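Here the structure is a predicted model, which is why all the values come from computation and not from measurement. In this chain, numbering begins with 1 at the start of the sequence shown.
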Amino acid sequence: MEAIQKETKMINPKLVCNIVTSQAVDRKYHHKTLDILEGNLEPYILKCLERQLSARVFMYAKDRLVPINIMPRYIEKLSNIYQTGVARSVTDGDQSDMDLLSWYEKELHINAQMHLANKLYNACGSALLHPYVTEDGPALRVIPNDLFAVYSDDTVNPRNPTMVILLAGKDNLDRDIYWVYTATEFAVVKSDETIDRVEMERLGLGDGINPYGVLPFIYINSSSLRLCPVPDMDTLRMTEYIPTALTDLNLAAMFSAFSITYVTNGNIENLTYAPNALWFLKSDDPDKTPTLGTLKPEVDYAEVLNLIQSELSLFMGTKGIKAASVGQIGVENAASGIAKIIDESDTFDVRQAQTVVFGMSEHELWELILRDMHPVWVSQGMVENRAIFTSTATVETKFAIIPVGTQRTQLIAEQRDEYASGFTTRKRAIAALNPQMTAADIDALILEIDKERGIDNGNEAPENQNPTTGTNQGRRSESTDSGPSDRADSGAN
């Protein structure tokens with residue numbers, strides 16, 4: 001205990017304030033990103049237009065603003081790995097471990113919170129998960145990226161945070177409040193580099209000791225090189241550019257809607273004229289006869305709209321997303337055309353890569369909750385479920401990233417051909433088509449399929465039956481209990 005109390009004094013308020021200050025620029029961009037993600041795009045577009053236009057034209061632009069916000073739809077398109085099916089199972093444990101996991105899944109609303117973390121990961125490049133407990137029981141929250149800072153003094157793995165700082169508002173003296181966590185310590189630090197012991201007592205951590213012995217956070221980082229990933233300026237710029245360019249078109253339409261009338265070598269007093277403009281021109285020869293004429297500005301709307309389409313498609317290509325071909329965008333389908341580019345884009349590869357990251361993060365999260373935090377909560381009487389997770393048990397998370405269109409069709413064809421050729425089993429073919437299913441789910445599905453088709457030989461399909469269509473293949477296929485696919489590490493069993 002004395003050793004831990006001694007280490008408690010190691011939290012350096014000056015270091016904490018320096019860390020927060022050094023990451024202020026990144027948090028500013030994160031705040032802007034999250035603000036736009038929540039739908040507040042207009043103020044940022046107005047700032048862009050104000051920088052580019054004269055005061056008079058800017059007044060017109062404000063009334064003709066095109067508030068098309070692509071960011072929510074774009075981020076949602078990337079962040080559906082928790083909406084297409086996720087299954088968690090316990091390995092090397094027993095039924096009580098599975099019951100405890102199921103209880104926490106329900107209490108934490110885990111899929112909803114992890115979906116939010118997935119969105120922040122795609123929007124800001126990282127996500128911070130914080131399991132905690134209140135009088136109402138355990139909960140999980142995702143900390144917005146503009147409300148935390150991370151720091152590492154790990155010389156072996158600098159991407160591993162050793163300190164997490166939460167920005168907890170201001171006090172009555174307008175000082176910023178920071179909740180500072182390390183693996184062994186907790187402190188409330190103010191922006192004037194002081195420690196607030198009274199607030200620590202109010203939070204029940206007056207001794208400054210972190211009761212868990214580990215950081216009570218899971219930090220999901222998209223960067224392979226940096227502790228704090230570079231803010232995604234590309235997406236911010238594209239999000240601002242599209243409505244700005246469309247507003248430019250609106251302005252061009254307004255100014256080109258009316259002809260400009262001009263009078264050469266003449267002057268008309270008390271003239272009443274229709275908008276938009278009347279110009280008085282003089283030639284070098286004052287004796288020339290006065291003339292009256294009109295000028296009709298022309299704007300190539302189709303060319304500008306197709307430029308926007310091409311740039312959006314190119315941008316999505318740089319993010320590893322295969323943009324859909326939607327033909328030419330015209331004046332009549334500008335908004336729907338831009339939405340269609342995003343909706344019909346292929347994000348399979350990007351989402352598949354995310355399942356690896358979030359699979360590892362979930363493993364770390366469940367280790368933190370079930371091994372480090374749950375026993376403490378049980379000892380403090382903070383949770384009603386007092387079961388203890390088996391020491392050998394681990395939680396495995398599987399995602400179902402379902403290919404779309406031709407990809408799904410191709411996957412079915414591949415599994416059908418492999419089964420017909422004797423290179424895989426019926427069970428493994430179904431597992432490949434349904435990666436979110438557990439072995440028990442697959443067995444139940446096979447029984448259901450066989451029952452529907454009147455097959456009574458257990459989990460086996462007839463030897464010449466296709467595993468996906470049930471049609472006769474006209475040849476004998478390999479048994480599901482033997483053959484070249486029965487390698488110890490080759491399937492989803």
Side-chain angles (χ1 to χ4, degrees), residues 19-53 58 61-80 82 112-130 140-150 164-170 174 176-179 191 217 219-223 226 228-248 250 308 311-312 315-316 319 321 335 338-339 342:
I19 293 169
V20 173
T21 302
S22 68
Q23 298 178 21
V25 174
D26 285 359
R27 288 198 308 278
K28 179 181 177 181
Y29 284 118
H30 292 326
H31 176 80
K32 181 177 179 179
T33 298
L34 297 179
D35 203 21
I36 294 174
L37 187 61
E38 289 291 295
N40 190 29
L41 175 64
E42 183 173 322
Y44 302 102
I45 302 306
L46 290 176
K47 286 182 181 179
C48 290
L49 293 170
E50 190 173 18
R51 289 195 301 266
Q52 300 169 26
L53 304 174
F58 177 62
K62 288 198 295 185
D63 293 330
R64 287 162 174 78
L65 182 69
V66 182
I68 293 179
N69 188 351
I70 69 167
M71 185 178 287
R73 206 160 190 163
Y74 168 73
I75 295 299
E76 195 68 40
K77 181 73 175 179
L78 293 174
S79 311
N80 70 346
Y82 281 92
Q113 291 301 312
M114 293 304 294
H115 174 59
L116 175 58
N118 191 203
K119 290 174 64 176
L120 296 193
Y121 174 86
N122 284 310
C124 300
S126 63
L128 186 68
L129 308 176
H130 182 206
L140 176 69
R141 63 173 175 166
V142 184
I143 309 296
N145 294 66
D146 58 342
L147 294 180
F148 72 85
V150 290
V164 172
I165 305 166
L166 302 186
L167 280 62
K170 293 180 178 289
D174 201 38
D176 293 323
I177 304 171
Y178 309 131
W179 293 354
S191 54
F217 300 92
Y219 181 57
I220 310 175
N221 185 1
S222 65
S223 174
R226 298 165 58 102
C228 300
V230 177
D232 187 1
M233 298 299 299
D234 301 343
T235 303
L236 272 178
R237 296 295 187 212
M238 184 57 66
T239 301
E240 292 178 324
Y241 163 72
I242 289 177
T244 301
L246 292 174
T247 301
D248 290 342
N250 267 3
I308 295 173
E311 291 172 336
L312 177 58
F315 159 75
M316 296 179 72
K319 299 295 184 180
I321 302 169
I338 291 171
I342 297 174

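The distance from the CE atom of M233 to the OG1 atom of T239 is 10.5 Å, given to the nearest 0.5 Å. Atom-to-atom distance recorded for D248:CG and Q52:CD is 6.5 Å, nearest 0.5 angstrom.
In terms of the ring-ring contact (aromatic ring centres under 6.0 Å, His included) criterion, Y178 has no residue partners (sequence neighbours excluded). In this structure R237 satisfies the salt bridge (Lys or Arg N to Asp or Glu O under 4.0 Å) test together with E240, sequence neighbours excluded. Residues meeting the side chain to side chain donor-acceptor pair (under 3.5 Å) test with K28, sequence neighbours left out: none. Residues passing the salt bridge (Lys or Arg N to Asp or Glu O under 4.0 Å) test with K319 are D232, D234, sequence neighbours excluded. Among residues two or more places apart in sequence or in another chain, the ring-ring contact (aromatic ring centres under 6.0 Å, His included) test is passed with H115 by none. Evaluation of the ring-ring contact (aromatic ring centres under 6.0 Å, His included) rule for Y121 yields F358 as partners, not counting sequence neighbours. Scored by the side chain to side chain donor-acceptor pair (under 3.5 Å) test, S79 finds N122 as partners (sequence neighbours excluded). Not counting sequence neighbours, Y241 has no partner by the ring-ring contact (aromatic ring centres under 6.0 Å, His included) test. Here S223 pairs with N221, L225, R226, P229 under the side-chain contact (heavy atoms from CB on, under 4.5 Å) rule; sequence neighbours left out. Residues satisfying the side chain to side chain donor-acceptor pair (under 3.5 Å) criterion with S191, sequence neighbours excluded, are absent altogether.
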Exercise. For L46 and K62, what are the C-alpha separation, side-chain angles and deciding distance, and is it a side chain to side chain contact (heavy atoms under 4.5 Å, CB included)?
Worked result: CA-CA 7 Å; L46 290 176; K62 288 198 295 185; 3.7 Å; yes
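Sorted by first and then second residue, the salt bridge (Lys or Arg N to Asp or Glu O under 4.0 Å) pairs involving residues 115-130 (not counting sequence neighbours) are E76-K119. Pairs passing the salt bridge (Lys or Arg N to Asp or Glu O under 4.0 Å) check and including a residue from residues 33-52, sequence neighbours excluded, do not occur.
The closest donor-acceptor contact from the side chain of N250 to the backbone of V66 lies at 3.5 Å or more, if one exists at all.
Ring geometry for Y74 against F315 counts as tilted: the plane angle lies between 30° and 60°, on a 0 to 90° scale.
Looking at every heavy atom in both residues, H31 comes nearest to D146 through ND1-OD2, 3.0 Å.
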